[in-house]
Amino acid sequence: MKSQITLRPGLLRRLFRRPAAVFSFAVLAAIFLCALLLPQILHTDPHLTSPFPFRAPDAAHPFGTDLNGRDLLARTLQGAQISLLVGCTGALVSLVIGTVVGLVSGYAGRRIDSLLMRLVDVLYAVPRLILIILAGFLIDPWLQKMLATFQDGRWVGSSKIAILVLALGCIEWLTMARIVRGQVLSLKTLPFVQAAQALGQSNFKILFRHLLPNLSGVIVVYLTLTIPAVILDESFLSFLGLGVQAPQASWGTLLSDGAMALNPVLSHWWLLVFPAAAMSLTLLSLNFLGDALRDALAE
Amino acid sequence: MAGVLFCVLSLTFLLLRLAPGGPFARERKLPPAIEQQLLAKYHLDGSLWSQYTAYLNDVVHGDLRLSTKYRDRSVRDLLAQSLPLSALLGGAAFLLATSAGVWLGCVAAIRHGSFTDFCAMLLALALISIPTFITGPLLVLLFSLKLGWLPVGGWQSNFSLILPAITLAGPAIASVARLTRTSLLETLQSHFLRTARAKGLSETRVLYSHALKTALLPVVSYLGPLAANLLTGSIVVESIFNLPGTGSFFVNAILNRDVFLLGGVVLVYCVLLVGMNLLVDLAYSWLDPRIRLED
């Protein structure tokens, strides 16, 4: 039963039997393609200012313009690039940390297990936003130093994004670790693990050769569910002014600008509605896909 | 409990002091003598270790020190001023999240597989996916600007808290609803409910006094993380609605490197969370007699 939760060949077929999964996958593919290709096709510049601030959507600016007369479509696309980049890489970082901690904790058992799980409990008890911000502070000076020496400091400008990715990845692994640990606990009692132990294979090999492939299903499901969580946290930070810094934009900063421009006299609704729609659609599709994947695996 | 508080407070203090930019770093540089005097006034001179131990000593004796940004106001004052609002907001959102969430989850589970179930779960997924800083402004756009029913922002009366509380509770309602639905579906298949039906209890009675009590256990254990989520959420919601609560101090304290104010806020948050988790543990063993806390 438990050992069935792996990536079996029929998984994709079972997944795409679900209309919701097909639909959300199509939406996601469209969003990714738009974020990557549209800026190249349209030749729009997200930083180009024009003398027309707060212009309602028209033919020249399909999404309207913002306070500085910048084209909101171009800004939303740039926001999509940064948000998706941070979401995917942050989730990958958390995947690595969570899987390793879960594997080690579940397999080693006893004191290492209870030590690691207490750590997870403590981190769960503290508001995540606080931890992410603190992790950002911790990484900041160290990363600045590293980037300054790497390729003549070419990447110093994007250090803020790298910090976000690392800080988010360092905090978001908790759920992944718990789930991987639970799976390992039930897997390690199965005969094939005992056989490997009896044959004298090293713990390292048992962990990564025998256990890890059996965990791939769970890991993929929770990766799909971690990406929206990371995007959400990134946008929270950017909304509060602690994340992506101007002139770069993520969905969070765009929405923060949009919320600021709301007033009873002149409603600049497009500043809020378009980034909100893009972001909600992405997060909804990712969550939908993750749920469908989980159901398909459990089938 | 004291261990968690100690760790978090130490981490906050050390990291904020190690971070680039001090509390008195301004665009215009202060003369060194004045800066030295300021640092001395706030006990931020000397080695990092001595600063840290002196601060911990003060906190243990109940002194949260002065804010470095809001000059001459003590952190205790600032917290006392802002906490009632945040507590009211958080409490309202907590009640709303648990009641609406359990209700939505029950409705979905009872009509499992129906259109109602589908709609309820779609709504829950949407509420989880759409962040509060989208729902908040949209609610303001609808209820305050278009319909004019509720105030836009700020805190004039407790009516101003209705929209923020709904916004804050949104994602939490969804999590509680999903949890309740899964757990109730599982419980509905258990044997003790068959016994209850067999002895002639009405379906309502079976559902509400037998099934729900068992089904709510996972929800109760989720209340701890729920409180944490609401705390984090309140930081954002207070900034959307311009509410003068503790959450706004949290963000400002980080931006201003206001180390003692941040320490105070973090301390309050952690006490709340640890207390909440303790309550959850107690409630758990009270709800389910099979679980007894280890001595």
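Since the structure is predicted, the reported quantities are computational estimates derived from the model, not experimental observations. Chain A is the first sequence line, chain B the second, and so forth, proteins listed ahead of strands; every chain is numbered from 1.
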Among A:Thr282, A:Leu286, A:Leu255, residue most engaged with chain B (heavy-atom pairs, under 4.5 Å):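 That would be A:Leu255.
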Approximate separation, where rounding is to 0.5 Å, of [X] [atom1] and [Y] [atom2]:
X        : Y        : atom1 : atom2 : value
B:Ile235 : A:Phe236 : CD1   : CZ    : 10.0 Å
A:Leu284 : B:Leu122 : CG    : CG    : 6.5 Å
A:Leu281 : B:Ile130 : CG    : CD1   : 9.5 Å

Side-chain heavy atoms of A:Leu232 within contact of B:Ser129, under 4.5 Å: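 With C-beta onward as the side chain, the pair stays apart.
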Note, B:Ile134 side chain near A:Trp251 side chain (heavy atom, < 4.5 Å):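 No - every pair of side-chain heavy atoms lies 4.5 Å or more apart.
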Region of A:Ser235 in contact with chain B, defined by heavy-atom distances below 4.5 Å: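 When you check distances to chain B, atoms from both the backbone and side chain of A:Ser235 fall under 4.5 Å.
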A:Phe239, part contacting chain B, at a heavy-atom distance under 4.5 Å: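 The side chain, not the backbone.
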